[in-house]
**Student:** 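There's a structure below that I have some questions on.
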Amino acid sequence: MKISDTLSGKKTDFKPIGKVVTMYVCGVTPYDDSHLGHAMSAIIFDVVRRYLRFRGYQVKVVQNITDVDDKIINRANRLGVTAAEIAGKYAQSYKEEMEALNVSPVDINPKATEEIPTMLEVIKGLIAKGFAYAANGSVYYRVKNKTDYGKLSRRKFDTMMVGASVEPGEEKEDPLDFVLWKAAKPGEPSWESPWGKGRPGWHIECSAMSTKYLGEQIDIHGGGTDLVFPHHENEIAQTESYTGKVPFVKYWMHNGALQLGAEKMSKSLGNLVTIRDFLTKHTPDSFRIFVLGSYYRSPLTYTEEAVAAAQSGADRLVRVVNKEVAAGKKKALEPKPYYDRFIEAMDDDFNTPQAIAALFDLARDINRAEEEGMNAGKARETLKELGGILGLTFEGKAEATIDIEPLKKLASAINQKAKTAGVSAGAVADDIETIMASLISMRKELRKAKQFNLADEIRDGLSAIGIALEDTAQGTVWKRK
RNA sequence: GGCGACGUGGCCAAGUGGUUAAGGCGGGGGUCUGCAAAACCCCUAUUCGGCGGUCCGAAUCCGCCCGUCGCCUCCA
């Protein structure tokens, strides 16, 4: 299989360094509800690890939680709680949202605050090698000593000088230098260090954690394209100068940003849809179909129309997978060609749009085959299996709760009319199943007697309550709309 | 200003040198049905932002132009 790498800009054969594929994915800074941009990234790298495992690789995945940061502290101060409380709360809801989105859990999920000693080790090592220096209780990375700095984001020193922020009273040797350790300020969480109390800079945690849990060189590093500079550039600088091993990462995978309207969906811009809100209106599968329907490196624009289209498509797959059909007598539908197409697509740098196309073709051909009396059992299993690699659950919409009162009211109204119509009326029970069974059997009688007006009244009445009736060859079935 | 992408049917979106330009959604027609729903069938881009060029041959390569976006500050 082939994977694109941001650093080389090329798509090359995937050859892991060791037996176990090592993968590091940047996690979130939990200071607020997560949005669909986070969900998109999580889903893409979920699919990467699901597919690698499917292809027989052992995969070890680490994802950090940046639980100490300016934004967490600011928010905590505003609300009068501790930073740890804010971080804990949102880290927990992120975890729950990932579960709801069917993102498979990572193997190791370290928190920055629990890895301070690891980070201090790395920082000390960098100072010892001349790649970092302490100043006024802070420690900075010395960019000019890393001659290939800028290689990931393709930036050159002199052009970067222009944009680099130089704050007043700056103790940096060079404006490009970035902070590894921040001297403590009053009212902020801090830890002891050889340079006094302080807290870690943002980038250092990823270097520390990936080195500690995955080794000095790793196979895959993932994250959003917005992390390329400065975050990943700085990670490379820190890690490579600390370990002396190049390259730090063999395959840099970056997913395109999720746009909302004309801009990137982001917390700081305030234009976002939270995962929570999305899931009240749509299924997890619909977001998968939406995200995976486009190439992971390209930006994707969120629109209600596009999401509704994805939802319709997802619903169709759910119906096909869950349809109960008596096994056909004629020959079986052979799923191999679809399976092969799926693999071929996924092997080509995770071409999920093509992979999904294969699934939709398979779904259509399952329906067609069963219509012709063929056995599509094996094909249906394949659809389920391949969909599972993409993390599809094949679960329908969250069951809309149906009010029993209007249903009872409808049932008794229909019972009255049934008597006049000379059809045996059912009892108005207290549970939905019984009432539905009764209504369906009444409607059956009515249709047999060609009393279509009243039969349709049942169907229309149910429809108004949110229940759909379908007359299939196996009889009438009902479902929540 | 620097760096990097992108522009394909009504909408979303694959394809990146050569048989009929995937797939989804939507729309139109049909089959089934008492009527529906679901499902299936058929139709819906001679054309890939514009203009030049390379080539036997380009949506795919090159140049210019127009338009959109991301990064350059925290960000998945």
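Throughout, a chain's letter reflects where its sequence line sits, starting with A, and its residues are numbered from 1.
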**Student:** Report the nucleotide, chosen from B/A76, B/A13, B/C35, that has the shortest atom-to-atom distance to any side-chain atom of A/L300.
**Tutor:**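 So the nucleotide nearest the side chain must be B/A13.
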**Student:** For A/Y31 and A/N74, which I'm curious about, is there any donor-acceptor pair between the side chains at under 3.5 Å?
**Tutor:**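 No - no donor-acceptor pair under 3.5 Å links their side chains.
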**Student:** Which part of the nucleic acid, if any, lies within reach of A/N351 when heavy atoms closer than 4.0 Å are counted: base, sugar-phosphate only, or nothing?
**Tutor:**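 Sugar-phosphate only.
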**Student:** How is A/L469 classified with respect to the nucleic acid when contacts are heavy atoms under 4.0 Å: base, sugar-phosphate, or nothing?
**Tutor:**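 A/L469: base contact, heavy atoms under 4.0 Å.
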**Student:** So A/I44, base contact, sugar-phosphate only, or nothing? Heavy-atom distance under 4.0 Å.
**Tutor:**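 Result for A/I44 = nothing.
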**Student:** Counting only side-chain heavy atoms from C-beta out, which of B/A38, B/G24, B/A76 sits nearest to A/S41?
**Tutor:**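 Closest nucleotide to the A/S41 side chain: B/A76.
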**Student:** For the residue pair A/L383 and A/L359, what are the closest heavy atoms and their distance?
**Tutor:**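 Residues A/L383 and A/L359, closest heavy atoms: CD1-O, 3.8 Å.
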**Student:** I want to check one thing: is the phosphate of B/A76, taken as OP1 and OP2, less than 4.0 Å away from some side-chain N or O of A/N255?
**Tutor:**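 The answer is no; no side-chain N or O of A/N255 sits under 4.0 Å from OP1 or OP2.
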**Student:** When you match A/Y296 and A/D471 each to their closest nucleotide on RNA chain B, which lands nearer the 5' end?
**Tutor:**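 Nearest-nucleotide comparison on RNA chain B picks A/Y296.
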**Student:** Ring of A/F360 versus six-membered ring of B/G23: centres under 5.5 Å and planes under 30°?
**Tutor:**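 A stacking contact does not exist, since A/F360 is not both close and nearly parallel to the base ring of B/G23.
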**Student:** Just checking, is any N or O donor in the side chain of A/Y149 or A/N234 under 3.5 Å from an acceptor N or O on the other one?
**Tutor:**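 A pair is found: one side chain offers a donor N or O, the other an acceptor, under 3.5 Å apart.
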**Student:** Give A/G222 one of three labels, base, sugar-phosphate or nothing, depending on what nucleic acid heavy atoms sit under 4.0 Å from its own.
**Tutor:**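 The answer is nothing, as A/G222 stays clear of every strand by at least 4.0 Å.
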**Student:** Of the nucleotides B/G24, B/A76, B/C69, which has the atom closest to the A/A309 side chain?
**Tutor:**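 Looking only at heavy atoms from C-beta outward on A/A309, the closest nucleotide is B/G24.
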**Student:** So, does the side chain of A/N74 form a donor-acceptor pair with the base of B/C74 at under 3.5 Å?
**Tutor:**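 No.
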**Student:** How does RNA chain B look in dot-bracket notation if pairs are Watson-Crick or G-U with both distances under 3.5 Å, crossing ones as [ ], other-strand ones as |?
**Tutor:** ((((((((.[[[..)..(....]]]((((((.......))))))....[[[[[..)....]]]]])))))))....
**Student:** Select one nucleotide: of B/C12, B/C35, B/A38, the one nearest the side-chain heavy atoms of A/R319.
**Tutor:**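 Nearest to the side-chain atoms of A/R319, counting from C-beta on, is B/A38.
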**Student:** Side chain of A/S312 only, heavy atoms from C-beta on: which candidate in B/A76, B/C25, B/A36 is closest?
**Tutor:**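 Nearest to the side chain of A/S312 among the choices is B/C25.
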**Student:** Taking any heavy-atom pair under 4.0 Å as a contact, classify A/E263: base, sugar-phosphate, or nothing.
**Tutor:**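 Sugar-phosphate: the residue A/E263, judged by heavy atoms under 4.0 Å, touches backbone atoms but no base.
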**Student:** Heavy atoms under 4.0 Å, any strand shown: does A/R443 hit a base, just sugar-phosphate, or nothing?
**Tutor:**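 Answer is base: heavy atoms of A/R443 come under 4.0 Å of a base.
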**Student:** Within the structure shown, what part of the strands sits under 4.0 Å from A/E305 by heavy-atom distance: base, sugar-phosphate, or nothing?
**Tutor:**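 The residue A/E305 makes no contact with any strand.
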